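We count residues from 1, following the sequence as given. All values derive from a computational prediction rather than experimental measurement.
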Amino acid sequence: MPITFRVGYRSPLVSTVAWALMLLGLFGLGLSGYLFGHTSGFAVAGLGWWLMAGQALLVLASAASIASGQGLLRRLEWARRLSLGLLALILFSLPVLPWVAGSPVMLGLACLAASAALLWALREMNTMLVRQEFA
């Protein structure tokens with residue numbers, strides 16, 4: 001089968017993943033700002049250090065997510081690889097959410113559906129046609 005190159009083709013999947021990552025990054029920055037305002041009471045209980053480290057990690061992941069989304073819109077290869085890593089990180093951390101939230105059944109089903117969507121997006125971001133966009 002001959003290889004066909006599509007010059008200038010921009011797949012809607014890559015753009016959708018880019019916008020989703022940027023929105024997720026903005027949500028993470030907003031959550032970090034919210035938590036930053038509520039950490040003063042935990043400093044007495046000895047949890048202040050762990051919460052500040054968690055917030056720093058959240059800010060770092062949010063900044064990486066926003067940068068990855070911007071790079072995906074510009075079709076940069078490093079952004080595709082970073083977005084694959086971020087999507088895999090989200091995929092592996094998603095099963096923890098129902099356990100942290102008290103394990104309601106509907107949240108578990110929503111996490112299962114989100115995991116299936118993330119697996120599909122990861123598989124499609126590695127196809128030859130999508131990789132040709134970044135060449």
Side-chain angles (χ1 to χ4, degrees):
M1 183 161 102
I3 297 174
T4 57
F5 292 103
R6 297 178 180 179
V7 179
Y9 176 72
R10 293 177 144 334
S11 68
L13 171 74
V14 176
S15 299
T16 304
V17 169
W19 282 105
L21 281 173
M22 287 189 293
L23 288 175
L24 191 63
L26 287 175
F27 176 74
L29 287 178
L31 181 65
S32 175
Y34 175 76
L35 291 176
F36 184 72
H38 288 23
T39 57
S40 60
F42 292 110
V44 176
L47 296 174
W49 173 256
W50 290 105
L51 283 175
M52 292 301 278
Q55 287 175 4
L57 186 63
L58 181 63
V59 168
L60 182 66
S62 298
S65 180
I66 291 172
S68 173
Q70 286 291 319
L72 278 179
L73 287 178
R74 295 180 180 152
R75 300 305 194 260
L76 300 173
E77 177 63 23
W78 63 265
R80 187 184 72 84
R81 292 181 183 186
L82 180 62
S83 68
L84 288 174
L86 287 171
L87 289 175
L89 181 67
I90 293 169
L91 181 68
F92 288 126
S93 64
L94 204 55
V96 177
L97 187 62
W99 177 70
V100 170
S103 160
V105 175
M106 290 305 292
L107 182 62
L109 291 175
C111 286
L112 185 63
S115 295
L118 283 173
L119 277 174
W120 177 78
L122 278 170
R123 185 179 58 92
E124 289 296 317
M125 289 285 285
N126 271 329
T127 60
M128 186 179 66
L129 290 175
V130 170
R131 281 185 281 160
Q132 282 180 357
E133 292 181 47
F134 293 90

Practice problem: I would like to know whether L21 and S83 meet side-chain contact (heavy atoms from CB on, under 4.5 Å); could you show each step before the answer? | Solution: CA-CA 8 Å; L21 281 173; S83 68; 3.5 Å; yes
Quiz item: Among the clusters formed by ILVMFWY side chains lying less than 4.5 Å apart, do L26 and V59 turn up in the same one?
Solution: yes
Quiz item: For A79 and S68, which heavy atoms make the closest approach, and how far apart are they?
Solution: O-OG, 3.4 Å
Self-check item: Linked, directly or transitively: W120 and L84 (ILVMFWY side chains, under 4.5 Å)
Solution: yes
Exercise. Answer with yes or no whether the hydrophobic clustering places L91 together with L87; edges join I, L, V, M, F, W, Y residues whose side-chain heavy atoms lie under 4.5 Å apart.
Key: yes
Quiz prompt | Heavy-atom pair of closest approach, residues S115 and L94 | solution = OG-CD2, 3.4 Å
Quiz item: What are the two closest non-hydrogen atoms of V14 and L72, and how far apart are they?
Solution: CG1-O, 3.9 Å
Quiz item: Quick one: CG on L24 to CD1 on I90, what's the gap to the nearest 0.5 Å?
Solution: 5.0 Å
Quiz prompt | Check: S32 side chain, G28 main-chain N or O, donor-acceptor pair, under 3.5 Å | solution = no
Quiz item: Does CH2 belonging to W78 count more than 12 external heavy atoms closer than 6.0 Å?
Solution: yes
Practice problem: Over all heavy atoms of both residues, which pair between M125 and V130 is shortest? Give the atoms and the distance, please. | Solution: O-CG1, 3.7 Å
Self-check item: Shared-cluster residues of L89, by chain and number - hydrophobic side chains joined below 4.5 Å
Solution: none
Quiz prompt | ILVMFWY network linking Y34 to L29, side-chain heavy atoms under 4.5 angstrom | solution = no
Exercise. For the pair V17 and L13, evaluate side-chain contact (heavy atoms from CB on, under 4.5 Å) and give the outcome as yes or no after the intermediate values.
Key: CA-CA 6 Å; V17 169; L13 171 74; 4.2 Å; yes
Quiz item: Which residues pass the salt bridge (charged side-chain N to carboxylate O under 4.0 Å, His left out) test with E124, sequence neighbours left out?
Solution: none
Exercise. Return each pair, listed once, that meets salt bridge (Lys or Arg N to Asp or Glu O under 4.0 Å) where at least one residue sits in residues 59-81; pairs must be two or more places apart or across chains.
Key: R75-E133, E77-R80, E77-R81
Self-check item: Main-chain N/O of A61 paired with S65 side-chain donor or acceptor, under 3.5 Å
Solution: no
Practice problem: Measure across A64 and L82 and return the closest heavy-atom pair with its distance rounded to 0.1 Å. | Solution: O-CD2, 3.7 Å
